[in-house]
Each structure stands twice: as C-alpha cells, then as structure tokens.
Amino acid sequence: MGKRGLSTVVTTLIIIVLVLVAAGMVWVVIRNLLSSGSDEISIERFAIDLEITSVEKGGTFLYVKVKRNVGEGDLVAIKFILSDDKNSEVVEKSTDINELETRTFRIGQEDCDFVNISNVTKVSIAPVFELRSGKTSLGDIVISQNIKEVEGGDRKS
C-alpha cells in the first residue's frame with residue numbers, strides 16, 4: 001500500500017494539455033506560412049495586361065508607346081528592360097495608366113547607367129502593381145523586338 005503514482009485522470013489531463021500546446025505551435029507555424037505566401041498570389045498579376053504598340057529611337061531618346069488592355073488592378077509603375085547586344089538595364093517609370101489607355105514614355109540617356117540608348121536593340125516591359133498589403137509586385141514581362149528609327153532627336157509626345 002505504500003506505492004505512490006499519478007492517477008489516470010491526472011495523467012490523461014496532462015496528455016491532453018500537451019497535445020493542445022503542440023497543436024497550437026503547429027498552427028502558428030502553418031498560419032505564418034500561409035499568410036506570407038498569400039501576398040504573392042494576386043489576381044492583378046494576371047489581370048493587368050500591357051502591350052508595347054511601338055518603340056521609336058530618336059537621338060538620345062527612346063519613345064515607348066504602351067497600351068493597357070482591359071483588366072483590373074492598381075498599376076503604379078512600369079519597368080522598362082533595355083537591351084543592347086552586351087548589356088541590359090532596368091528603368092522604372094511611375095504611371096497611372098487606366099484601362100484601355102495608351103501612353104508614350106520617353107526614356108533618355110540620363111535614365112541609363114550601362115546601356116547606350118543609341119545601341120538599344122530590344123525593349124521589354126513589366127508592370128509593377130500594388131498588392132492589398134501595400135507592397136508592390138512585378139507582373140509578367142512583355143517583349144518588343146522592332147525599334148523604329150525616327151529622324152530628329154527630340155519629338156513631342
């Protein structure tokens with residue numbers, strides 16, 4: 001009769017508390033993973049549809065005409081990827097193009113550090129949109145191959 005031990009009720013309660021604590025810790029980790037990944041999944045990534053309608057080169061300037069097609073989303077900027085045969089450079093221009101609107105962007109040599117505007121052979125664009133969290137994200141890249149030479153360097157747009 002001198003044996004001492006825990007009763008089955010106390011042992012069961014301790015096991016239940018340990019299981020609840022372990023489940024809570026697992027839930028916190030899973031919730032953080034899901035909430036951080038959900039920011040990157042956004043309809044704007046697929047809804048904002050841009051196209052380059054023309055690229056003209058005149059003197060030390062590139063004139064890139066961009067059309068925004070139908071699609072919702074909060075477009076805040078466009079990244080222009082300028083490429084020559086050896087180098088590439090990204091130039092970001094803020095914008096607020098609405099749906100079905102076309103706008104011409106002027107990119108000058110002063111916007112570039114590595115690429116000489118007169119040597120640019122390819123221009124690509126990527127939309128920058130704002131997520132619900134306030135962060136910005138980059139959309140799909142649109143590529144343009146044809147660059148038209150324009151006489152005179154400083155055209156009005």
Side-chain angles (χ1 to χ4, degrees), residues 18-157:
L18 289 174
V19 168
L20 288 175
V21 168
M25 290 176 16
V26 168
W27 171 246
V28 167
V29 170
I30 290 174
R31 187 184 65 184
N32 288 338
L33 285 174
L34 291 177
S35 66
S36 67
S38 68
D39 259 355
E40 298 303 317
I41 302 170
S42 175
I43 191 70
E44 283 91 355
R45 179 173 188 80
F46 306 106
I48 294 179
D49 182 21
L50 299 177
E51 69 177 273
I52 299 174
T53 57
S54 69
V55 179
E56 297 176 351
K57 190 185 323 180
T60 58
F61 294 101
L62 278 177
Y63 301 95
V64 183
K65 189 179 275 189
V66 177
K67 179 182 179 190
R68 180 175 176 181
N69 296 317
V70 176
E72 293 184 21
D74 190 11
L75 181 67
V76 293
I78 297 176
K79 290 196 181 221
F80 294 87
I81 301 104
L82 311 175
S83 301
D84 60 17
D85 293 333
K86 298 176 184 171
N87 301 312
S88 292
E89 185 165 352
V90 177
V91 175
E92 184 171 326
K93 297 279 188 177
S94 297
T95 188
D96 58 353
I97 298 178
N98 297 317
E99 291 179 61
L100 301 175
E101 188 177 345
T102 301
R103 189 164 296 163
T104 301
F105 294 89
R106 184 174 93 163
I107 301 170
Q109 189 61 54
E110 67 275 2
D111 297 321
C112 300
D113 294 325
F114 306 112
V115 174
N116 187 343
I117 291 290
S118 60
N119 295 334
V120 171
T121 57
K122 186 166 100 174
V123 177
S124 305
I125 60 172
V128 178
F129 53 90
E130 190 169 358
L131 300 171
R132 284 174 265 155
S133 65
K135 297 178 184 176
T136 57
S137 184
L138 195 60
D140 294 331
I141 295 176
V142 177
I143 298 173
S144 171
Q145 302 275 348
N146 302 326
I147 297 178
K148 180 181 173 186
E149 293 283 342
V150 177
E151 289 192 29
D154 199 15
R155 80 164 232 217
K156 306 263 181 185
S157 55

**Request:** List for me each residue that meets salt bridge (charged side-chain N to carboxylate O under 4.0 Å, His left out) alongside Lys79, sequence neighbours excluded, and say none if there are none.
**Result:** Glu92

**Prompt:** Between Leu138 and Ala126, what is the shortest heavy-atom contact and its length?
**Reply:** CD1-CB, 3.7 Å

**Derivation of the side-chain contact (heavy atoms from CB on, under 4.5 Å) call for Val66 and Phe80** = CA-CA 11 Å; Val66 177; Phe80 294 87; 4.2 Å; yes

**Item:** Asp96 and Arg103 ion-paired at < 4.0 Å
**Value:** yes

**Prompt:** Excluding sequence neighbours, so at least two apart, what forms side chain to side chain contact (heavy atoms under 4.5 Å, CB included) with Val70?
**Reply:** Glu99, Leu100

**Complete:** Sequence neighbours excluded, the answer for salt bridge (charged side-chain N to carboxylate O under 4.0 Å, His left out) partners of Glu89 is none

**Request:** Measure across Lys57 and Val120 and return the closest heavy-atom pair with its distance rounded to 0.1 Å.
**Result:** NZ-O, 3.0 Å

**Asked** Less than 4.5 Å apart, any side-chain heavy atom of Phe105 and any of Ile97?
**Response** yes

**Request:** Could you pull out the closest heavy-atom pair between Phe129 and Ile48, with the gap in Å?
**Result:** CB-CD1, 3.5 Å

**Message:** Using the rule given for side-chain contact (heavy atoms from CB on, under 4.5 Å), can you reason through Lys67 versus Glu51, listing the C-alpha separation, both sets of side-chain angles and the distance that settles it, and then say yes or no?
**Reply:** CA-CA 5 Å; Lys67 179 182 179 190; Glu51 69 177 273; 3.9 Å; yes

**Request:** Mind checking salt bridge (charged side-chain N to carboxylate O under 4.0 Å, His left out) for Asp113 and listing every partner two or more places apart, or none if nothing turns up?
**Result:** none

**Item:** Close side-chain approach of Glu56 and Thr104, heavy atoms under 4.5 Å
**Value:** no

**Donor-acceptor contact present, side-chain Thr60 to main-chain Gln109, <3.5 Å** = no

**Residues in side chain to side chain contact (heavy atoms under 4.5 Å, CB included) contact with Ser83, at least two apart in sequence or another chain** = Ile81, Ser88, Lys122

**Asked** Is the closest side-chain heavy-atom distance between Ile117 and Leu82 below 4.5 Å?
**Response** yes

**Asked** For the side chain of Asn32 and the backbone of Val29, is there at least one donor-acceptor N/O pair under 3.5 Å apart?
**Response** no

**Request:** Could you grab the distance from atom CD1 of Ile125 to atom NZ of Lys93, nearest 0.5 Å is fine?
**Result:** 14.0 Å

**Message:** Applying side chain to side chain contact (heavy atoms under 4.5 Å, CB included), can you list everything that pairs with Asp84, at least two apart in sequence or on another chain?
**Reply:** Lys86, Asn87, Val115, Asn119

**Message:** Would you compute the distance between atom CG of Asn69 and atom CG of Leu50 and round it to the nearest 0.5 angstrom?
**Reply:** 7.5 Å

